[in-house]
Amino acid sequence: MARPIIQIKSLWTQFGQFVVHQDLDLVVQPGEILSLVGGSGSGKTTLLRQMLGLEKPTRGSVHVFGEDINDTGGACLRRVRNRWGMLFQHGALFSALTALDNVAQPMRELRTLPEELVRDAALLKLDMVGITPKDALKMPSDLSGGMVKRVALARALALEPELLFLDEPTAGLDPDLSESFVSLIRGLHQQMRLTVVMVTHDLDTLFALSTKIAVLAEKRVIAVGTPEEVISLSHPFIHSFFLGERGQRALDVLRNKEPQHGK
């Protein structure tokens with residue numbers, strides 16, 4: 001079996017007397033789209049930030065591409081970080097830069113590529129996410145919410161990453177835009193052979209994209225598996241999260257679409 005892209009072992013996260021994670025284990029394999037779900041206060045975003053090396057756990061290890069990101073630094077850490085991209089919930093574009101310059105920024109920071117190549121590569125990434133050269137020259141304030149998400153996704157893909165982190169990728173989008181964005185992510189996952197780690201509350205997005213779901217509850221990962229495997233488990237949180245009215249509706253939509261994929 002291939003080496004895991006991410007491997008988390010015996011992770012504890014504690015703030016004062018408050019324990020968020022306790023002996024949490026998680027493995028993300030190459031090519032997966034793994035979604036983290038959990039109730040409020042379960043530490044989904046904290047865990048995502050720990051994978052990114054933005055927060056350090058109280059104890060335990062977080063290995064990404066085989067490197068313990070809490071025990072490495074300098075050039076090694078920069079190399080690891082250049083192998084992943086991050087799509088923040090609200091895009092987090094630089095307001096003073098055009099869409100094109102936002103996407104070009106990670107390439108410019110490398111200081112190894114000529115400017116002409118940087119601009120061509122940024123335009124190519126924007127084209128991959130459906131942003132035209134005309135819109136590439138707009139400022140973020142002149143873009144719709146859906147376009148901001150697409151530009152932010154293009155920036156996350158600027159350095160040809162192997163690993164993509166998504167924080168609530170469809171938050172704030174109406175249903176049509178959300179479905180279009182999900183289709184875009186699915187296509188890029190296949191085209192670029194990405195491994196994806198996603199945090200989302202949206203059940204339609206969850207079922208449409210996830211190859212695996214990791215459920216955070218009781219300060220640990222209580223279940224990891226395909227959507228079908230996870231929802232079949234008997235646990236109060238799983239039952240309330242997946243099998244309520246919203247969950248049943250999302251499952252019905254997914255099941256109604258499945259025969260179309262086989263045609």
Side-chain angles (χ1 to χ4, degrees), residues 1-8 26-37 44-45 47-48 51-52 64-65 80-89 91-92 103 106-107 121-122 124-131 146-173 175-215 224-230 250-251 253-255 257-258 260-263:
M1 181 178 289
R3 184 174 69 180
I5 298 293
I6 299 173
Q7 188 162 27
I8 299 172
L26 181 65
V27 173
V28 181
Q29 297 290 353
E32 290 182 342
I33 301 179
L34 183 134
S35 294
L36 297 171
V37 302
K44 303 180 298 297
T45 300
L47 185 60
L48 189 69
M51 293 181 199
L52 291 161
V64 184
F65 299 117
V80 173
R81 284 178 168 166
N82 286 341
R83 296 174 69 184
W84 72 55
M86 173 71 198
L87 174 63
F88 296 94
Q89 181 173 346
V103 178
M107 292 180 272
L124 177 61
K125 287 294 184 293
L126 286 165
D127 181 66
M128 288 173 66
V129 300
I131 298 294
M147 292 171 74
V148 166
K149 291 271 191 183
R150 288 172 180 265
V151 173
L153 179 59
R155 184 179 63 182
L157 299 174
L159 298 182
E160 297 283 330
E162 302 158 63
L163 172 62
L164 179 63
F165 293 100
L166 306 174
D167 185 14
E168 300 287 356
T170 54
L173 301 180
D176 288 342
L177 284 176
S178 178
E179 189 168 337
S180 173
F181 199 65
V182 163
S183 296
L184 173 62
I185 293 170
R186 188 190 298 115
L188 290 169
H189 167 252
Q190 296 171 350
Q191 180 183 345
M192 300 181 70
R193 298 182 179 180
L194 294 165
T195 301
V196 179
V197 176
M198 173 173 67
V199 170
T200 183
H201 288 92
D202 184 73
L203 288 166
D204 293 314
T205 300
L206 185 76
F207 289 132
L209 278 178
S210 308
T211 60
K212 281 191 177 178
I213 296 172
V215 182
V224 180
T226 65
E228 294 79 7
E229 289 169 343
V230 167
L251 276 171
V253 169
L254 179 66
R255 287 164 178 161
K257 286 184 178 181
E258 282 176 351
Q260 298 174 8
H261 296 314
K263 287 183 179 180

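FYI, side chains are in, hydrogens and waters are out, and symmetry mates aren't considered; it's all heavy atoms of this structure. Given the structure is predicted, the values throughout are model-derived calculations rather than measurements. Throughout, residue positions are numbered sequentially from 1 according to the sequence presented.
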S.K.: Apply the test side chain to side chain contact (heavy atoms under 4.5 Å, CB included) to residues Leu157 and Leu194: give CA-CA distance (whole Å), side-chain angles for both, the deciding distance (0.1 Å), then the verdict.
M.R.: CA-CA 10 Å; Leu157 299 174; Leu194 294 165; 4.1 Å; yes
S.K.: With sequence neighbours left out, what residues match Ser180 under side chain to side chain donor-acceptor pair (under 3.5 Å)?
M.R.: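 With sequence neighbours excluded, Ser180 shows a side chain to side chain donor-acceptor pair (under 3.5 Å) to Arg150, given in chain and number order.
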S.K.: Just how far is it from atom CE of Met86 to atom CZ of Arg155, taken to the nearest 0.5 Å?
M.R.: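 Here the interatomic distance stands at 10.0 Å.
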S.K.: Could you tell me whether the side chain of Arg3 and the main chain of Phe65 form a donor-acceptor pair under 3.5 Å?
M.R.: yes
S.K.: Mind checking what makes salt bridge (charged side-chain N to carboxylate O under 4.0 Å, His left out) contact with Lys44, not counting sequence neighbours?
M.R.: none
S.K.: In chain order, what residues pass the side chain to side chain contact (heavy atoms under 4.5 Å, CB included) check against Gln191, with sequence neighbours excluded?
M.R.: Met128, Leu188
S.K.: Where do Val182 and Ala208 come nearest, in terms of heavy atoms and distance?
M.R.: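 Heavy-atom minimum between the residues: CG1-CB, 3.8 Å.
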S.K.: With side chain to side chain contact (heavy atoms under 4.5 Å, CB included) as the test, pick out the partner of Val129 among Ile185, Leu184, Val151.
M.R.: Leu184
S.K.: Report yes if the side chains of Ile33 and Arg186 come closer than 4.5 Å at any heavy-atom pair, otherwise no.
M.R.: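 No, their side chains stay 4.5 Å or more apart.
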S.K.: Search all heavy atoms of Ala214 against all heavy atoms of Val224 and return the closest pair with its distance.
M.R.: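 Minimum heavy-atom contact is CB-CG2, 4.0 Å.
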S.K.: About how many Å separate CZ of Phe207 and CD1 of Ile213, when rounded to the nearest 0.5 Å?
M.R.: 5.5 Å
S.K.: Using the test side chain to side chain contact (heavy atoms under 4.5 Å, CB included), find all partners of Ile8 that sit at least two apart in sequence or belong to another chain.
M.R.: Ile6, Leu11, Leu24, Leu26, Leu47, Met51, Val62
S.K.: Could you pull out all residues at least two apart from Gln7 that satisfy side chain to side chain donor-acceptor pair (under 3.5 Å)?
M.R.: none
S.K.: Taking all heavy atoms of Leu87 and all of Ala152, pick out the closest pair and write down the distance.
M.R.: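 So the two residues come closest at CD1-CB, 3.3 Å.
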S.K.: Nearest 0.5 angstrom please: Leu209 CG to Leu34 CG, how far?
M.R.: 12.0 Å
S.K.: Can you name the residues that form a side chain to side chain contact (heavy atoms under 4.5 Å, CB included) with Thr226, not counting sequence neighbours?
M.R.: Glu228, Glu229
S.K.: Please report the shortest heavy-atom distance between Val27 and Pro4, naming the atom on each side.
M.R.: CG1-CB, 3.7 Å
S.K.: Name all residues meeting the side chain to side chain donor-acceptor pair (under 3.5 Å) criterion together with Ser210; count only those two or more places apart in sequence or in a different chain, and write none if there are none.
M.R.: Ser35
S.K.: Mind checking what makes side chain to side chain contact (heavy atoms under 4.5 Å, CB included) contact with Ala122, not counting sequence neighbours?
M.R.: Leu100, Val103, Ala104, Met107
S.K.: Enumerate donor-acceptor pairs with a distance under 3.5 Å from any side-chain N or O in residues 158-171 to protein atoms, sequence neighbours excluded.
M.R.:
unit_1 : atom_1 : unit_2 : atom_2 : d
Glu160 : OE2    : Lys125 : NZ     : 2.5
Glu162 : OE1    : Arg83  : NH2    : 3.0
Glu162 : OE2    : Arg83  : NE     : 2.7
Glu162 : OE2    : Arg83  : NH2    : 3.4
Glu168 : OE1    : His201 : N      : 3.1
Glu168 : OE2    : His201 : N      : 3.3
Glu168 : OE2    : His201 : ND1    : 2.3
Thr170 : OG1    : Thr205 : OG1    : 2.8

